[in-house]
2 protein chains.
Amino acid sequence: MTRPDDTAARAGIVAAADRLFYVRGIQNVGMDAVRAEAGSSLKRIYGLFPSKEDLVVAVLAHRTAIWWSGVERAAAGARTPRERLLSIFDFLDGWFREDDFRGCAFINSFGELGATSPRVVAAVREQKESVRAYVRDLVRREGLADDVALQVDLLVEGAQTTAAITRDGGVAAQARRAAAVLLDAAGVEADGPAEPGRGDR
Amino acid sequence: MTRPDDTAARAGIVAAADRLFYVRGIQNVGMDAVRAEAGSSLKRIYGLFPSKEDLVVAVLAHRTAIWWSGVERAAAGARTPRERLLSIFDFLDGWFREDDFRGCAFINSFGELGATSPRVVAAVREQKESVRAYVRDLVRREGLADDVALQVDLLVEGAQTTAAITRDGGVAAQARRAAAVLLDAAGVEADGPAEPGRGDR
DNA sequence: CACCAACGAGAACGACCGTTCTCCACCGAT
DNA sequence: ATCGGTGGAGAACGGTCGTTCTCGTTGGTG
């Protein structure tokens with residue numbers, strides 16, 4: 001029963017809702033505001049998304065796609081797992097400097113709806129777990145222990161919340177340096193100084 | 001015109017609101033629920049707090065006090081700035097393992113109200129800035145550069161959001177190890193290996 | 001041209017929330 | 001004992017929100 005351009009309409013509504021939710025916070029955006037931003041009608045929206053919660057989950061999925069496309073773009077020039085790993089922070093750097101940067105949408109959603117919406121919690125957990133898996137994979141390819149992956153992931157998360165609250169543009173670069181130190185330190189402990197103390201700047 | 005037990009009443013209302021806000025999220029708690037939890041009356045509450053936003057700000061101040069008392073308790077046995085620094089993560093460890101741990105109240109509030117309440121934003125920023133200043137002071141006492149302080153702070157923030165989302169009890173210990181590595185690495189670069197590679201476990 | 005299904009605009013509905021107001025019971029002072 | 005004012009319980013008010021419904025229009029089909 002899906003109309004041909006239903007997927008396009010869904011995408012437009014999700015993008016509109018994403019803009020509003022991210023800037024104003026989910027609970028501060030009524031469905032009528034989504035309708036206006038999407039240039040659609042309430043009937044159409046509720047035909048495609050049974051409830052606001054479904055729309056929120058779809059928006060989070062959209063954010064996940066944005067995240068990975070940004071990560072991949074930043075990793076384009078990386079030639080080693082180590083460079084790929086550190087390029088995450090280059091992606092963050094560009095993102096943090098955007099005018100309307102307002103923190104990680106997943107963390108914000110978790111703070112706002114974590115207590116009331118298990119589906120939102122699941123979506124947030126899934127995203128964060130996939131990031132951790134990505135980092136873990138790259139760390140393993142460097143021959144390092146999983147502990148280092150968790151530590152680098154802490155820097156990724158900490159950079160996002162700190163950048164959101166302080167609005168300091170240098171946070172990502174600082175996190176990148178810290179990650180390089182952690183990787184180097186784990187490297188010398190693991191198998192002796194392969195490329196000792198290069199330290200990335 | 002302040003009645004003698006106004007301060008006690010304020011404290012009880014703030015504590016009640018804190019419990020509800022933290023567990024359910026601020027916007028999911030009506031003033032009537034606060035009234036019930038505090039065993040007070042709406043008139044009394046609105047006599048002491050002109051609006052819900054004022055109550056939220058007071059709750060955040062209360063959370064700040066809780067934070068610092070926890071940090072100081074954990075730092076009680078610390079004999080060096082370095083130990084004091086790392087004891088922050090011991091405090092976090094105990095906190096993360098509490099049953100009703102639901103992340104950092106400041107980060108959650110920022111995600112929920114950051115877009116609509118400048119006063120909440122200011123309170124959150126103030127708390128995070130004071131934590132950063134505390135870390136910076138201890139790092140300086142170790143003779144290390146301010147950059148290291150920012151990096152350790154990223155671990156503190158990252159540990160809080162990661163622990164909230166994953167509910168993994170080992171996050172604080174992992175962050176502590178990472179912080180020790182960062183301190184050691186900065187130490188050997190700054191003034192040669194004073195106590196090289198002790199590394200705290 | 002007549003008809004039916006789908007669609008948009010927006011009203012309507014029920015629930016909830018922040019804030020204020022009403023009313024009554026209580027309590028110390030005269 | 002009476003009175004004034006204080007505080008509590010809870011109704012009331014205005015607003016918003018998620019969701020559904022009505023209704024008029026349209027555009028394709030016989």
Side-chain angles (χ1 to χ4, degrees), chain A residues 1-14 16-60 108-109 112-120, chain B residues 1-14 16-60 108-109 111-113 115-120:
Chain A
M1 212 53 50
T2 316
R3 296 277 313 284
D5 55 346
D6 271 8
T7 64
R10 277 184 69 100
I13 292 166
V14 166
D18 179 49
R19 277 183 301 249
L20 298 179
F21 289 170
Y22 183 66
V23 168
R24 299 193 211 162
I26 295 171
Q27 310 214 70
N28 297 316
V29 174
M31 290 298 278
D32 196 65
V34 174
R35 176 203 57 79
E37 176 85 9
S40 181
S41 76
L42 283 175
K43 206 183 201 172
R44 191 119 172 80
I45 294 176
Y46 275 96
L48 295 168
F49 304 94
S51 75
K52 187 180 184 180
E53 191 183 21
D54 290 272
L55 179 55
V56 171
V57 170
V59 165
L60 291 179
N108 292 346
S109 303
E112 204 172 344
L113 302 174
T116 50
S117 169
R119 296 177 59 196
V120 167
Chain B
M1 212 51 51
T2 317
R3 295 278 311 284
D5 55 346
D6 271 8
T7 65
R10 278 184 69 100
I13 292 165
V14 166
D18 179 49
R19 276 179 300 231
L20 298 179
F21 288 171
Y22 183 66
V23 169
R24 299 192 213 163
I26 295 171
Q27 311 213 69
N28 298 316
V29 174
M31 291 297 279
D32 197 65
V34 173
R35 177 204 57 77
E37 176 84 9
S40 181
S41 76
L42 283 175
K43 206 183 201 174
R44 191 117 172 81
I45 294 177
Y46 276 94
L48 296 167
F49 304 93
S51 73
K52 187 181 183 178
E53 190 182 21
D54 290 272
L55 179 56
V56 171
V57 171
V59 165
L60 291 179
N108 291 347
S109 303
E112 205 171 345
L113 302 174
T116 50
S117 170
R119 297 177 58 196
V120 167

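Chain A is the first sequence line, chain B the second, and so forth, proteins listed ahead of strands; every chain is numbered from 1.
Atom CD1 of Ile45(A) is separated from atom P of dA6(C) by 20 Å (rounded to the nearest Å). Remark: C1' of dT19(C) and CG of Asp54(B) are 13 Å apart, rounded to the nearest angstrom. At whole-Å resolution of the value, NZ in Lys43(A) and P in dA12(C) are 17 Å apart.
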*Report, as a single string ordered 5' to 3', how protein heavy atoms within less than 4.0 Å touch nucleotides 14-19 of chain D: B base, S sugar-phosphate only, - not at all.*
----SB
Could you pull out all donor-acceptor pairs under 3.5 Å where a side-chain atom in residues 26-33 of chain A meets a protein atom, sequence neighbours excluded?
unit_1: Asn28(A); atom_1: ND2; unit_2: Arg24(A); atom_2: O; d: 2.9
unit_1: Asp32(A); atom_1: OD1; unit_2: Arg35(A); atom_2: NE; d: 2.9
unit_1: Asp32(A); atom_1: OD2; unit_2: Arg35(A); atom_2: NH2; d: 3.4

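For the side-chain hydrogen bond (donor to acceptor under 3.5 Å, both in side chains) test, residues two or more places apart in sequence or in another chain that qualify with Arg19(B) are Glu37(B). With sequence neighbours left out, the salt bridge (charged side-chain N to carboxylate O under 4.0 Å, His left out) criterion links Arg119(A) to Glu53(A), Asp54(A). Under the side-chain contact (heavy atoms from CB on, under 4.5 Å) criterion, Ala36(B) pairs with no residue, sequence neighbours left out. Evaluation of the side-chain contact (heavy atoms from CB on, under 4.5 Å) rule for Ala38(B) yields Ile13(B), Ala16(B), Ser40(B) as partners, not counting sequence neighbours.
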